[in-house]
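Below is one structure; the comments refer to it alone.
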Amino acid sequence: MDDRKIQILIDTLLPLLKAGVAFTIPLTLVSFAIGLLLAVLTALVRLSSWRIPKLIAGFYVWVIRGTPLLVQLFIIFYGLPAVGIILQPFTAAVIGFSLSVGAYSSEIVRAAIISIHKGQWEAAFSVGMTRGQALRRVILPQATRVSIPPLANSFISLVKDTSLAATITYVEMFRTSQQVVATTYEPLLIYSEVGVIYLLFSTVLSTLQNYLEKRFDRYSAS
Amino acid sequence: MIEIHDLHKSFGSLEVLKGINLKLEHGKVLVIIGPSGSGKTTLLRCFNLLEVPNRGSIVLGDTKLDFTNVKKVPQKSVLELRRKTGMVFQSYNLFPHMTVLGNVMEGQITVQKLPKEDARKRALALLEKVGLSEKADSYPHQLSGGQQQRVGIARAMAVEPEVLLFDEPTSALDPELVGEVLKVIKQLAAEGMTMVIVTHEMKFAADVADTIILMDNGHILEQGTPQEVLVHPKSPRALQFLNRLSGEAE
């Protein structure tokens, strides 16, 4: 590699990292937080006995899982203005990613809740708890532990999926790299560089996952 | 006082309880025995509505529930009954994410809304009673089966129920751990705790029971003092069941 290329790598590293920290990470965090809330709500509704809300929740999961995320983002950002709903790129991206995380992760949360032994519900009921109390105090804390590995998976996927926001004009890390390529004419170099930064983010998150799993494991022998 | 009248329970087309009548005075111990599939656990689970009967009535203190022609029992009544009963499960069912102390405090804090300090005090006193004060900060998986079951008993007692329900409390235990659990239950009986116990331990049943009922196929086959039921049963079916048990013991 010649000196010019090394110089380009060094010069572009900081702007790329900056875009990652200032735009990719906030987009990921906000979308995941809202998505997780949606996921828990959806899972609870689907496990409830309310007929109509259950149908709606099932429909939501069906549609979001059955259509490409990219198509969803295009509908939200380029499609909705046709009916008078004009959204900022960030808002559109957050809506798209939250809905996606909510749908996929609701299945994780639902499975985690189902996996908790029936005896735990009964023990909670036997001391006089309502369904809501049992859920909050006994079931969800245990389900959280079960769902950490698959949820971490969703989270890491999301970090990478946020690069799709580049297509709806949100200048996050990947879009920044495209702009850098446009001025340096070094696609191999720059796209590899941004790939390595995504890898770095994912690695940090995996480490965080391991830490969380260990923390939640203190009460379990298995 | 508990009074159960004409209790029926079906799972689909299978009728598990076929008209159960019984009465238990305050401070007495009722032991339910019978072959597996006889409906004894289902009957016990009707006491705190983990199973909801299809017909009949349950009276517990001033709570009276009639299930005949009732589509759905109001949640308020369900909670009222559950708050007057405590249950000890065959497989303990302790909350694995809470310490031993946390398990015993949980009902008091979440259900009875006691201040933490009061709950802790009562929980520690109960743990002392079951001989596990030094395990207060352990997690359930760190305990032996017998210790876990004693925590289960303390947890059930913590909400100050009028009746304690035991569902085969020693069936999941290694033989050498059965004694420590039975000892705690006997101590409670001596203190005048009202209890309903489903068990296969005949010697224990004879020791602790004021009344024994022997169930078979959804009916009460024999009902009386341990002497009456275990030594002088009236029906041939009861005799057969008891003989088979004593055969196994030898």
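- We find that K183(B) and E180(B) are not joined by a salt bridge, their nearest charged nitrogen and carboxylate oxygen being 4.0 Å or further apart.
- Contacts with chain B were tallied for M129(A), Q133(A), Q120(A); Q120(A) has the most, counting heavy-atom pairs under 4.5 Å.
- Heavy-atom distances place the side chain of F89(B), and not its backbone, under 4.5 Å from chain A.
- Contact count versus chain A (heavy atoms, under 4.5 Å) is highest, among E106(B), R155(B), Q112(B), for E106(B).
- Between R122(B) and the options E128(B), E117(B), E160(B), a salt bridge (Lys or Arg N to Asp or Glu O under 4.0 Å) holds for only E160(B).
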| request: Give the C-alpha distance, both sets of side-chain angles, the deciding distance and a yes or no for side-chain hydrogen bond (donor to acceptor under 3.5 Å, both in side chains) between T67(A) and Q72(A). | output: CA-CA 7 Å; T67(A) 54; Q72(A) 294 162 18; 2.8 Å; yes

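- Of the atoms belonging to L165(B), not a single heavy atom falls under 4.5 Å from chain A.
- Counting heavy-atom pairs closer than 4.5 Å to chain A, the top residue among L49(B), N48(B), L79(B) is L79(B).
- Residue S91(B) does not touch chain A at all, counting heavy-atom pairs closer than 4.5 Å.
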| query | Passes salt bridge (Lys or Arg N to Asp or Glu O under 4.0 Å), R46(A) versus E107(A)? Steps please. | reply | CA-CA 10 Å; R46(A) 293 192 83 185; E107(A) 289 296 280; 2.8 Å; yes

| task | Would you please test T162(A) and E172(A) for side-chain hydrogen bond (donor to acceptor under 3.5 Å, both in side chains) and show each step? | result | CA-CA 8 Å; T162(A) 55; E172(A) 39 64 74; 4.9 Å; no

